[in-house]
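What follows is a single structure, written as structure tokens, with notes after it.
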Amino acid sequence: MNNRELADQFKLIADLLEIKGEVVYKVLAYRKVADSLNNLTQDVNELWKEGRLEEIPGVGKAIAEKIDELLSTGKLEFLERLKTEVPPSLTELLQVPDVGPRKAALFWKELGITDLAGLEAAAREGKLRSLPGMGEKSEARILAGLEALARRGDRIPIGEAWPLAQELLAFLRKLPGVVAAEPAGSLRRMRSTVGDIDLLVASKNPGPVMAAFTGRKDVVRVLASGETKSSVEFANGLRSQIWIHPPERFGTALVYATGSKDHNVRLRELALTMGLSLSEHSFQRKDGSEILCDNEEKVYETLGLQWIPPELREDHGEVQAAKAGKLPRLITHDDLISDLQTHSKWSDGKLSILEMAKAARERGFKLLAITDHTPSLGVTGGVKIEDLARQRAEIDAAQEELGDSIRILQGAEVEIRADGRLDYPDEVLAKLDIVLASVHTSLRQPRDQVTARMIAAIRNPHVDIIAHPTGRLFPNREGADLDLEAVFSEAKKHGVALEINAHPARLDLDDTNARRAMELGILLTINSDAHSPADFDLAFFGVAIARRAWVTPEAVINAWPVEKQLAWLKNRGG
DNA sequence: GCCGTTTTCGGCCCGACTGTTTTCAGTCG
């Protein structure tokens, strides 16, 4: 059982206990452990073997025993018994907006509803409205929520949400009386997926701004509209909400709206120790007087903290680090001066090498690796060995034309075949300037097999980088079941770099794994995987993942001076 | 169920909005 699978068990326990009506703090305790496990930078099995389970945040004696039972036997008696008391399928209902644990319990106990289909049928038959605390409007909201859920599915990739948010922000910023408009929520924290689009507006006159927002043509439903907060749904099922606060309170409001919830709780606890109560409006002293903050820096300063970049605000140690003045200098998009994974017409890219190099140069890159696919990945039209010399000639010609404004490398994204062999023989790899190795197929191999395959690639002396290590694709393809600890240990030993692939459908390594790699001192690389000029800009999302992983520029090859990048490649003997 | 600059018990952040209610529960972030 891996970290995520274990976390799922505890999330299920939390949901079931909540529906059962258990005291809320017990539920929160289980939920916190699920979150801790999901964000753990080590394999929980290692901690378990070393008897260090209680070092995991939120894990005490009782939960440590449950983890022990789950990892030893694969089952948990406590959970099995719980499942006989509350049907597990009831947790489906919690996905529906406006349905929480109390209503789920109500529907189950009064109407025998145990899943989404049952809820929808009952709502359509008008059976919900007569329940205590329910009415026609509540029933209609639940039906609307069910429809939105069906349309939208789950969370959406940040690559889709970000452009939509920019469009909404541009709209808001043009409205009269709007002083500022910023992204908030998981969007601003740059999580790889977001549930809805949160936006914060500064204005002294919120009424007309709210009206303009909720009155947009693409809004199909207004879910809430108040003085400080409104929430709407778009035709595709996506939801967005805005808060509007006066400019002099923008700082506290932005901290609040950005979250995460756990980060906010941490800040509020800290405020209380200083005799202050922190809300989205202000700090309040015990005598009722307020401290207003028009920007975030003032909020953190009042708490005796360094300003914390939004990407770190997950209650993963950032508040403690800020208190000690030890926040890392996070990498930025501007730090990147190379892109080490891109594709040209030689495989599945859209442009010639010269066109790609010009596009890279326009974006300020000084170094570009052309890393086309290899033949076994048939759909990409991989470069045959006999064509590599002609590709080299094209690179030389492009280099000639562009002079020293940008340096172009001949590389390859070499397929790691199902049996662990690479798609080019060593003598061919030896002639390339840079070699990335990656898996695209046979991702469902058993853990041992797929891990061995990856390790074999890392041990090949010509391989410089493992690209998108797990092979995951949003939203539907799970990554390979890799033993990442083993992969990390081997990468460290052989000095092979691991990629944070910036394509929003990949974002692989993810933030949690990238943080673990960083802690282990493994080199990282952030690449766009560009197949067309616009794709170069996707590096932005890769940087976001790196920032969420506390990554500094020193750890990222692409942020090094060109000569250092080239020297690293040369010294690897590739 | 966890946890400790109020420490081994008694707390555990703060508020907006809605709907069904005549003062509040439920949900959400």
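Sequence lines set the chain letters: A, B, ... in the order given, protein chains first and strands last, and positions in each chain run from 1. Note that the coordinates shown come from a computational prediction; the quantities given were computed from them, not determined experimentally.
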Can I get a per-line list of side-chain donor-acceptor pairs under 3.5 Å for residues 272-281 of chain A, giving both atom names and the distance, sequence neighbours left out?
residue   : atom : partner   : partner atom : Å
Thr273(A) : OG1  : Leu270(A) : O            : 2.5
Ser279(A) : OG   : His281(A) : N            : 3.0

Distance-only check: which donor-acceptor pairs under 3.5 Å involve side-chain atoms of residues 167-180 of chain A, not counting sequence neighbours?
residue   : atom : partner   : partner atom : Å
Arg173(A) : NE   : Ala181(A) : O            : 3.0
Arg173(A) : NH2  : Ala181(A) : O            : 2.5

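Across all strands shown, dT8(B) forms no Watson-Crick or G-U wobble pair with both key distances under 3.5 Å.
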### Query
Along nucleotides 3-9 of chain B, 5' to 3', which nucleotides get a B, which get an S, and which get a -, given that the test is a protein heavy-atom distance under 4.0 Å?
S------
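The residue among Leu94(A) and Ala64(A) whose nearest nucleotide of DNA chain B is located toward the 5' end is Ala64(A). Of the two residues contacting DNA chain B, namely Lys66(A) and Glu139(A), the nearest-nucleotide position lying further toward the 5' end is that of Lys66(A).
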Provide a list of protein-nucleic acid N or O atom pairs under 3.5 angstrom, restricted to nucleotides 24-27 of chain B.
residue : atom : partner   : partner atom : Å
dT27(B) : OP1  : Gly100(A) : N            : 2.8
dT27(B) : OP1  : Gly100(A) : O            : 3.2
dT27(B) : OP1  : Lys103(A) : N            : 2.9
dT27(B) : OP2  : Arg102(A) : N            : 3.2

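Using a 4.0 Å cut-off between a side-chain N of Lys or Arg and a carboxylate O of Asp or Glu, Arg52(A) and Glu55(A) qualify as a salt bridge. Contact check on Asp511(A) versus Arg548(A) returns a salt bridge, with a Lys/Arg side-chain nitrogen under 4.0 Å from an Asp/Glu carboxylate oxygen. Using a cut-off of 4.0 Å between Lys/Arg side-chain N and Asp/Glu carboxylate O, Arg313(A) and Glu296(A) are scored as salt-bridged. Remark: Glu485(A) engages Arg516(A) in a salt bridge, criterion side-chain N to carboxylate O under 4.0 Å. Between Glu22(A) and Lys20(A) there is no salt bridge, since no side-chain nitrogen of the basic residue lies less than 4.0 Å from a carboxylate oxygen of the acidic one. Salt bridge annotation for Arg189(A)-Glu311(A): absent, with no cationic side-chain nitrogen under 4.0 angstrom from a carboxylate oxygen. We find that Lys66(A) and Glu77(A) are not joined by a salt bridge, their nearest charged nitrogen and carboxylate oxygen being 4.0 Å or further apart.
Separating the C1' atom of dC12(B) from that of dT7(B) is a span of 14 Å, rounded to the nearest Å. To the nearest whole angstrom, the two C1' atoms, one in dT18(B) and one in dG10(B), are 34 Å apart. Comparing the C1' positions of dC17(B) and dC9(B) gives an interatomic distance of 36 Å, to the nearest angstrom. dC2(B) and dT8(B) are spaced 12 Å apart, taking the C1' atom of each and rounding to whole Å. For the P atom pair drawn from dT21(B) and dG26(B), the interatomic distance equals 13 Å after rounding to whole Å. Taking atom C1' in both dG29(B) and dC13(B), the straight-line distance is 12 Å, to the nearest Å. As rounded to the nearest Å, dC14(B) and dT20(B) have P atoms that lie 30 Å from one another.
Nearest heavy-atom pair across Ala161(A) and Ile197(A) is O-CD1, 3.8 Å.
Residues from residues 5-29 of chain A placing a heavy atom under 4.0 Å of any atom in DNA chain B, listed by number, are Tyr25(A), Lys26(A), Ala29(A). Heavy-atom distances under 4.0 Å link DNA chain B to Tyr256(A), Lys261(A) of residues 252-263 of chain A, given in residue order. Using a 4.0 Å cut-off on heavy atoms, none of the residues of residues 67-83 of chain A approach DNA chain B. Taken residue by residue, residues 215-228 of chain A places heavy atoms nearer than 4.0 Å to DNA chain B at Ala224(A), Ser225(A), Gly226(A), Glu227(A), Thr228(A). Residues of residues 302-318 of chain A that place a heavy atom closer than 4.0 Å to DNA chain B do not occur.
When the P atom of dG11(B) is taken as reference, atom CD of Glu269(A) falls 15 Å away, rounded to whole Å. The interatomic distance linking Arg188(A) (CZ) with dG29(B) (C1') rounds to 16 Å, in whole Å. Put simply, CD on Glu233(A) is 14 Å from P on dC28(B), counting in whole angstrom units. Nucleotide dT21(B) holds its P atom 11 Å from the CG atom of Leu131(A), rounded to whole Å. If you measure from atom CZ of Arg191(A) to atom P of dG29(B), you get 12 Å, rounded to the nearest angstrom. When rounded to the nearest whole Å, the span between CG of Leu278(A) and C1' of dC13(B) equals 9 Å.
Distance check, rounded to the nearest 0.5 Å: CG of Leu292(A) to CZ of Phe283(A) gives 11.0 Å. Between the CZ atom in Phe250(A) and the CG atom in Asn295(A) there is a gap of 10.0 Å [rounded to 0.5 Å]. Between the CG atom of Leu37(A) and the CD1 atom of Ile67(A) there is a distance of 5.5 Å, given to the nearest 0.5 Å. Residue Leu484(A) holds its CG atom at 7.5 Å from CZ of Arg447(A), rounded to the nearest 0.5 Å.
Here Phe540(A) pairs with Trp162(A) under the ring-ring contact (aromatic ring centres under 6.0 Å, His included) rule; sequence neighbours left out. With sequence neighbours left out, the side-chain hydrogen bond (donor to acceptor under 3.5 Å, both in side chains) criterion links Ser130(A) to no other residue.
Judged purely by distance below 3.5 Å, without hydrogens or angles, the side chains of Asn38(A) and Asp35(A) never pair a donor atom with an acceptor atom. Side-chain contact of Ser289(A) with Asp287(A): a donor-acceptor pair under 3.5 Å is present, judged by distance alone.
Looking only at distances, no side-chain donor or acceptor of Asp115(A) sits under 3.5 Å from a matching main-chain atom of Leu90(A).
Within the structure, the side chain to side chain donor-acceptor pair (under 3.5 Å) test picks out the following pairs touching residues 252-268 of chain A (sequence neighbours left out): Arg188(A)-Thr258(A), His263(A)-Tyr300(A), His263(A)-Glu318(A), Arg266(A)-Asp315(A).
Listed candidates were dT20(B), dA16(B), dG1(B). Nearest to the side chain of Ile63(A) is dG1(B).
For Arg221(A), the CZ atom sits in a packed shell: over 12 heavy atoms of surrounding residues, nucleotides or ligands are nearer than 6.0 Å.
Look at Ser277(A) and you won't find any side-chain N or O under 4.0 angstrom from OP1 or OP2 of dC13(B). One finds no side-chain N or O of His281(A) lying less than 4.0 angstrom from the OP1 or OP2 phosphate oxygen of dC14(B).
Arg141(A) comes within 4.0 angstrom of the backbone, heavy atoms only, and of no base.
In this structure, the side chains of Asp196(A) and Gln241(A) come closer than 4.5 Å at one or more pairs of heavy atoms.
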